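Not measured: the values here are computed from a predicted model.
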Amino acid sequence: LRLASVIAAMSCLPALASAAPTHVLLPVADVPLPGRATRFDYQSLDPLTGRLYIAHMGDGKLLVFDTHGRNVVASLPDFPVVTGVRVIPELHRVLASVTANHEVAIVDTGTLKVVERVADGDFPDGIAFAPAVGKAYVSDERGGHETVIDMKTNRRVATIDMGGEVGNTQYDAGSQRILANVQSRNQLVVIDPGVDAITARHPLPGDGPHGLEVVAPERLAFVACEGDGQLLVVNLDTWKTMQTFSSGHEPDVLAFDAGLSLLYVGTESNVVSVFRLQKGRLAKLEEVPVGPDAHSIAVDPATHEVFVPLRNVGGQPVLRIMKPALE
């Protein structure tokens, strides 16, 4: 009887192991980053070169990370309080919002040299690019404006009064319009880049909409609201909010992996919320514990790797590389 009991107990071990909790987003590597243990902000990936541009906000550096070799290519100085970053591969340019200087720096991705610094408003932040007109749109969060830069001349050509604090800005390829959150008015605003004017304002039910991700083929926008920790799913044809989710405290940057239909929401509460899009509907999978200040996130659509810069892991900043366990 004793041997039979042991055998029976051993037969349960595989089942117990398989029942152990597994997160939907798993760590792959921690790569040390140069500089001090200070805050990071936006990232932007060039899928043609595999270079990831990371705003090291607290250090005033623009980091260039090679996702293939998993090493830092360059740490570019003179970007004090850098926030927004947007690479434009077809133009061989990357734009960075240098908020302490109230400007947008334009960098050549080949030489990694600054080719122009364009005067902006009080707090330049999110950046979008409208390819049909060759113009970049930069949200001035505190100044309440959208700054328009002609990328052919590297000159500021328009300033659009948004009527309140502006959150993130994105390009909708489906409508060829620029979308921006006006977080102090709880609105999603539409800009026509052909005339650089607001064409519509749509109310949002959340408090303080800041983060924004557009999935043009699905005609959806995902809006992260800092004030109440809500994620909104907005239909871009009807402008109705279809779904609302809790996404963790103070959600910020969003990233969408189209190949796996996974949406990631970075938050200030040390978690990354993971959602899956199926048949036009979003489903929440998990709030994955990632690390301190896990509010910035980027994804490589080719490898499905997820990148989260963390300000302080054992006294040092690191880039935490993760991968979904759902492939």
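- Without hydrogens or angle criteria, N181 side chain to G211 main chain gives a donor-acceptor distance under 3.5 Å.
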Notebook entry, point to check: Which is it for I54 and V85 under the side chain to side chain contact (heavy atoms under 4.5 Å, CB included) test, yes or no, and what are the steps along the way?
Noted result: CA-CA 7 Å; I54 307 170; V85 180; over 6 Å; no
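- Side chain of D252 to backbone of G266: no donor-acceptor contact under 3.5 angstrom is found.
- Relative ring orientation between F256 and F222 is described as tilted, the plane-to-plane angle lying within the 30° to 60° band.
- Here the side chain of S269 pairs no donor or acceptor atom with the backbone of G248 at under 3.5 angstrom.
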Margin query: Determine whether K61 and L33 satisfy the following criterion, side chain to side chain contact (heavy atoms under 4.5 Å, CB included), listing intermediate values before the conclusion.
Written below: CA-CA 11 Å; K61 305 287 182 60; L33 295 176; over 6 Å; no
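- A side-chain donor from one of E286 and H23 sits under 3.5 Å from a side-chain acceptor of the other.
- Annotation: side-chain contact (heavy atoms from CB on, under 4.5 Å) contacts of V148 (sequence neighbours excluded): K135, Y137, V157, A158, I160, D196.
- Counting non-hydrogen atoms of neighbouring residues, nucleotides and ligands closer than 6.0 angstrom, the CZ atom of R142 reaches no more than 12 such neighbours.
- Of the charged side-chain nitrogens involved, none lies within less than 4.0 Å of a carboxylate oxygen, so that E116 and R93 do not count as a salt-bridged pair.
- One distance of note links NZ of K284 with CD of Q243; it measures 12.5 Å at 0.5 Å rounding.
- Side-chain N or O atoms of R36 include one that pairs as donor or acceptor with a backbone N or O of G58 at under 3.5 Å.
- Of the possible donor and acceptor atoms, none in the side chain of H56 sits under 3.5 Å from a partner among the backbone N and O of R311.
- A donor-acceptor pair shorter than 3.5 Å can be found between the side chains of D59 and T38.
- Annotation: the span from L277 atom CG to D257 atom CG amounts to 11.5 Å, rounded to 0.5 Å.
- Rounded to the nearest 0.5 angstrom, Q187 CD and L204 CG are separated by 8.0 Å.
- Closest approach of M322 to L25, counting heavy atoms only: CE-O, 3.6 Å.
- Side-chain atoms of Q230 and D228 include no donor-acceptor pair closer than 3.5 Å.
- Side chain of R86 to main chain of I127: a donor-acceptor pair is present (N/O by atom type, distance under 3.5 Å, no hydrogens or angles).
- When atom types are taken as modelled, the side chain of Q43 and the backbone of F307 share a donor-acceptor pair closer than 3.5 angstrom.
- Scored by the side-chain contact (heavy atoms from CB on, under 4.5 Å) test, V64 finds R51, Y53, V73, A74, L76, L112 as partners (sequence neighbours excluded).
- Looking only at distances, no side-chain donor or acceptor of S247 sits under 3.5 Å from a matching main-chain atom of S273.
- Panel note: side chain T267, backbone P251; no donor-acceptor pair is recorded below 3.5 Å.
- Using a 4.5 Å cut-off on side-chain heavy atoms (C-beta onward), P289 and N270 make no contact.
- Judged purely by distance below 3.5 Å, without hydrogens or angles, the side chains of E305 and T67 never pair a donor atom with an acceptor atom.
- Rounded to the nearest 0.5 angstrom, N154 CG and I106 CD1 are separated by 4.0 Å.
- Checked by atom type and distance alone, the side chain of D140 pairs as donor or acceptor with a backbone atom of D122 at under 3.5 Å.
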